[in-house]
Amino acid sequence: MMALALILGVWAAGWWVNTRLAHSAASDTAGVRLLIPAVFGLTLIAMWEIAVRAYDISGVILPAPSDIAVTFASSIPTLMADFNQTIIKGALTGYIIGMIAAFGVALLADRSDFLTRGILPVGAFMAALPIVGTAPIFVKWLGSDWESKAAVVAVMVFFPILVNTVAGLRDTSAMQRDLMRTYGAGYWPSLLKLRLPAALPFIFNGLKIATTLALIGAIVAEFFGSPTVGMGFRISTSVGRLAMDMVWAEIVVAALAGSAFYGAMALIEKRVTFWHPSQR
Amino acid sequence: DGHANDVTLQLQWVTQAQFAGYYAALDQGFYEDEGLNVTILPGGPDIAPPQVLAGGGADVMLNWMPSALAAREAGLPVVNIAQPFVSSGLMLTCWKDTGIESVEDFRGKTIGVWFFGNEYPFLSWMSQEGIPTDGSDDGVTVLRQGFNVDPLLNREADCISTMTYNEFGQVLDAGVSEDELVTFKYEDQGVATLEDGMYVLEDNLEDPVFVDKMERFVRASMAGWRWAEANVDEAAAIIMEYDETGAQSEAAQARMMGEIAKLTQGSTGALDQEAYQRTVDTLLAGGSDPVITAEPVGAFTTAITDAALN
Amino acid sequence: MTQDPVISARALDLTFQTNDGPVHALRDVNLDIQKGDFVSFIGPSGCGKTTFLRCIAGLETPTAGQITVNGMSPDEARRARAYGYVFQAAGLYPWRTIGGNIRLPLEIMGFSKAEQRDRVARVLDLVELSGFDKKFPWQLSGGMQQRASIARALAFDADILLMDEPFGALDEIVRDHLNEQLLALWGRTEKTIGFVTHSIPEAVYLSTKIVVMSPRPGRISDVIESPLPRERPLDIRDSPEFIEIAHRVRDGLRAGHQDDAA
Amino acid sequence: MTQDPVISARALDLTFQTNDGPVHALRDVNLDIQKGDFVSFIGPSGCGKTTFLRCIAGLETPTAGQITVNGMSPDEARRARAYGYVFQAAGLYPWRTIGGNIRLPLEIMGFSKAEQRDRVARVLDLVELSGFDKKFPWQLSGGMQQRASIARALAFDADILLMDEPFGALDEIVRDHLNEQLLALWGRTEKTIGFVTHSIPEAVYLSTKIVVMSPRPGRISDVIESPLPRERPLDIRDSPEFIEIAHRVRDGLRAGHQDDAA
Amino acid sequence: MNALRTLFPVVTVIAVILGIWIAAVVPMNIHLTADQAARQDIAVTPDTPAERKELSGLSLALQNTGIWGMTYTLERPRLPSPHQVGAELWDTVVMKNPTSRRSLVYHAWVTLSATLLGFAIGTTLGILLAVGIVYNRTMDKSVMPWAITSQTIPILALAPMVIVMMGSIGIQGLLPKSIISAYLSFFPVVVGMVKGLRSPDGMQLDLLRTYNANAGQGFWKLRLPASMPYLFASLKIGISAALVGAIVGELPTGARAGFGARMLVGDQYGQPIVTWAALFGAAITAALLVAILSLIERRTLRRMGMAGAAA
Ligand SMILES: Nc1ncnc2c1ncn2[C@@H]1O[C@H](COP(=O)(O)OP(=O)(O)OP(=O)(O)O)[C@@H](O)[C@H]1O
Ligand SMILES: Nc1ncnc2c1ncn2[C@@H]1O[C@H](COP(=O)(O)OP(=O)(O)OP(=O)(O)O)[C@@H](O)[C@H]1O
Ligand SMILES: Cc1ncc(C[n+]2csc(CCO)c2C)c(N)n1
Ligand SMILES: [Mg+2]
Ligand SMILES: [Mg+2]
């Protein structure tokens, strides 16, 4: 009872602080922008810590944040090696390959209505290939190392980027297109000067969604075969060993890396689509 | 009431003949005869039975002893109450043409190993042999093996882990003949560790109602095992019936049942203390990174099998 | 009329299909425009002026009839970059600055960088937007956006200029100024100009030919050849010929409206 | 001037921050508008007419100075639904038909279904769009869209009407007609009207007060109280008083432009 | 008519893909085939597996043209041939009683029911969150980063914990799987809806301000209709995600039934064709779901007059 009151109290306090921050004059400065989610996260973590301690939840099921922090701090070299294997080699490579493929196919599809109509449904079909099925196949084909992970990621990020790019390339107003027509502009000028810029807000939508998919894909694919390094390897092995603090330390790495990846994309988006109403 | 007669059993893999004794007991009404209402939860690639036990999702789990002892050291007090598997079915299967003839030849080779709590026997063995597992030139490169035998067939690995009753058969099914292969049974190497045993949480054993329930459960389960050993084909048919995926083949399950029977043959369900000690010694001998660091205390009880089998 | 017309429409018909039935936007439109003509289109809103201009530019395909531009189909002429078009709304690309918007056709048509800079500066000056090179469209007032779009159409010196109410959002002083500029440009270059306006004085002041249209279905109700000289000072607007033509246009317009009410 | 003004601006300043420096859109603007006034704003494009109208409506917050509407802040007045606003561009919602667009404010303000139907029909008739109830905006010509947006602002009978170049895209006949209609409406209802236009005759014909603005930074260069009677037949436009006022406005405008050039 | 216009291009693209697939079968399977041929005393060059391993699939295939036929009929191929997958699909979809566990239709239903429940939960949650983010400044600033973070957590790692925790409070069956499914599908909906709800431009918003419309009216009359195209785009991604989530959720719930269980068991027992058939079954199911959503989208947007505006 006491614990519950404490937990709710922490929540209320965190929310109050954030409301004050969000409505303060400084709410649009970079510092406060980072501070607010941080306060929100700290609130959740405090509630978690209290709950684990008060209800005596077994560390085998849910470790306390403080335990996770200790494990995290003492396993930095392992975590770095795993990060390198999974995020840099697996996720990033796959993301880049998938992105290039999606752009290529989108441009191809965009050249004719016929191809759009043909490629989009087939692309949608690919998006629904569940990782549980594709991962073992790619491991079988490309081996247990990062190459198979990159392939899984490439397939996963392909569709969201494709769909958004195709939709974006079509998101021009009639008048904008007519203008190009009066210039007798051919395919490339109208692509480079009209459709691509107009598509950017959509493309970034796809790229942002794909960042999180890339991470999940690379990690989960390791469940189906891997060398003895990697975040997915570590997570699954640690679950087997009931080392849940290690599992959560890896999850923290994933969350940090994912947020940074997403944040970087969002930042680039802000830079290049400053003109879009949603950014003004 | 429910508490006195309901039992949930967590398996450590999907429904297959490895667990035939329990399915047979269920199907043949042995549990019912004991007044028990048993639910069998199949396992899967991400199910850690100790975790399910800790979360209260099951009353009993099946587990390999290395994994269970490690869990115990990690702070989850699980206790072995019965041990239907007397010998180990674990082995390494290698291509003969890689030149592997003895354990020493592993150096410089790539070996597939199951993790998720099943890596302990291999790691202990290697450290007893003094072979590093870090991928160095005079050590082995360890590959985290998935759920199939592809790494061997694709020659990505020189050896992989197989169970006598399952994966080894699959290698043969893939068209490989036995004389293309070299096998190393853990049993033969003197590093066998106990496999499928029944474990419960220590605290529960203080509850006489629970203990009584477990006695009946172990008795019925062992009856199930006896029945399955004697009726291999029928046991396979029962597995087919309980397999909800509908993807298993009866022939494979019958073959598996035959191999399983060799592992359970002669077990009363009572834990063989010698085998227990051998398992513990193997695990403790893990060199710099032993699986368990101290001789476990209270990791098994014979009270239940004593009561159940008399 | 010995010379072949630059633009020639014969029995043009255009019907839009909409959710509640067809809309006859143009019906039996016939018109010849000679090289160097300055043709104004005037008529009640919704009578098909924009639609007709779009047909000339090959942006809309007539349901029936025939239209040729420089002896080609409008589509071919479009591909030969025969047109500068000013749309009824400014339609600037939001991701480009004003300067960037004006540069757009120049980039597409492959002008050199230096040439681009020169021309952008020149037309920005022409429409009095010199300081606004680096602003984005949404930072400009409505009229300024419209002027930027005029500059964009003038930048690349097309032979045919099609302008859909280009000066609608401008005040009289700027409008007078731009009218003069446009006339001067036209006088210098022998361009053929199609010009939609709602202002009778503007139509009379600028045009060699005034096309009065009437609505539902849109058709041409009068074509007035202007007797005014090509050289036109602003005060020509007080001359009796001017007032006489303006009267004829107003009568034509009024007749169209009465049709409509009937 | 014993009565309190409906709208009163004091030392109003407004500066926009843009990527290449601040833009002074309004500088030291002072103005009082009485209940029932018809005030026209005229001035070169970019001089701040739209910005000032938006300040009155509480859509833009001045950087300095004070503005009150009915003794309240513009924001409070907005909340009391004091305004009908016609934007410079039509801004119809593309997912609603013309009828649906006009119904929008009525739905929001909670008119009964029957009342909604009546009013939509009445204002559609007023702007001569009766048959276009069920069409979508993109199926209408530019002028028709603008008329629909006027109808939308008239539908709910606000006390203060703010209109930003409402008749810019219309031909003279329709424009004359709508001018008459607007005057009649104003005469009947004692509404206070703020009206941006580029047409000098229109400003003079409609207004009781003409505000001439000049650009960069936008400020008021002249305020002309019209001596014309409230009752105004169309041919009042030929009267000497009318022409005299028009002259004064034109001079004011020209002065603003010269400032600009200087 | 319309259906035909889509069908033809799709069939063309599928035909191209099938062509590539069929061509790829030979080099992909040639090593396994050569091993098997050697066991049956058919001459292959080079004649030891170790030497063959050094060669790429393509060059090995070119040296052993005689055994190409065998690559299409392997029982455990690396890449099954289309006809093998087709035959398995035909056999398990059409020839089996749909209520039998051997029927893929039965497994489709198992997965689909979890998918639909998860999709409903995820979409509802996603829309509610998006509304909260758009209307509440505090939520906007604090929740979005964490919604993003939530998606970077590998679900397959969390799934067992979710299942265990729900299991310990007695919740089993459909719901745990649906929670995982919802977890994956809410995110695209949040991202899309936030963008959609923010898509109205300044003038459209200003108009409502002059009417002093309240927040609810602004939502129903402006933001919601304006967000429709975005909503449908994200629903289509969301439903695919929900299906993937349901399948992923099947593994830690004991892989009993459903597409995921079939894939796993096919993989574990060396039956690649079973895995491939399940994979295709899942993708076809998703394609159907997406097609249904597209249909609803087209209807809705046309009724809203937006289909024509875009055209
Ligand atoms: N895309 C379209 N779909 C359906 N009807 C259309 C479309 N475009 C125009 N129309 C209809 O065609 C008729 C003529 O339109 P148009 O735009 O040519 O008029 P306009 O003379 O330019 O009018 P304004 O002076 O108001 O711009 C109108 O009745 C309009 O409703
Ligand atoms: N959002 C904005 N950001 C930056 N500058 C702006 C913005 N809106 C308007 N301005 C600037 O403010 C000045 C006044 O603009 P405003 O729209 O009020 O002019 P206006 O008198 O209505 O012109 P017009 O007759 O062309 O519509 C212009 O110089 C314009 O560039
Ligand atoms: C992820 C994961 N990897 C390996 C095992 C180990 N395991 C226990 S029993 C068994 C026999 C299969 O025939 C296997 C492979 C597991 N449970 N989960
Ligand atoms: Mg028009
Ligand atoms: Mg303006």
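Here is the naming used below: chain letters follow the sequence lines, and residue numbers restart at 1 for every chain. All values reported here derive from a predicted model rather than from experimental measurement.
How far CG of E:Asp206 is from CD of D:Glu60: 8.0 Å, rounded to the nearest 0.5 Å.
Within residues 214-221 of chain E, the residues having any heavy atom less than 4.5 Å from a heavy atom of chain D are, in residue-number order, E:Gln217, E:Lys221.
Annotation: side chain of D:Tyr93 is in contact with side chain of E:Leu207 (closest heavy-atom distance under 4.5 Å).
Annotation for D:Lys35: atom NZ counts as buried by contact number, over 12 foreign heavy atoms lying within 6.0 Å. For E:Arg299, the CZ atom is loosely surrounded, since the number of other residues' heavy atoms within 6.0 Å does not exceed 12.
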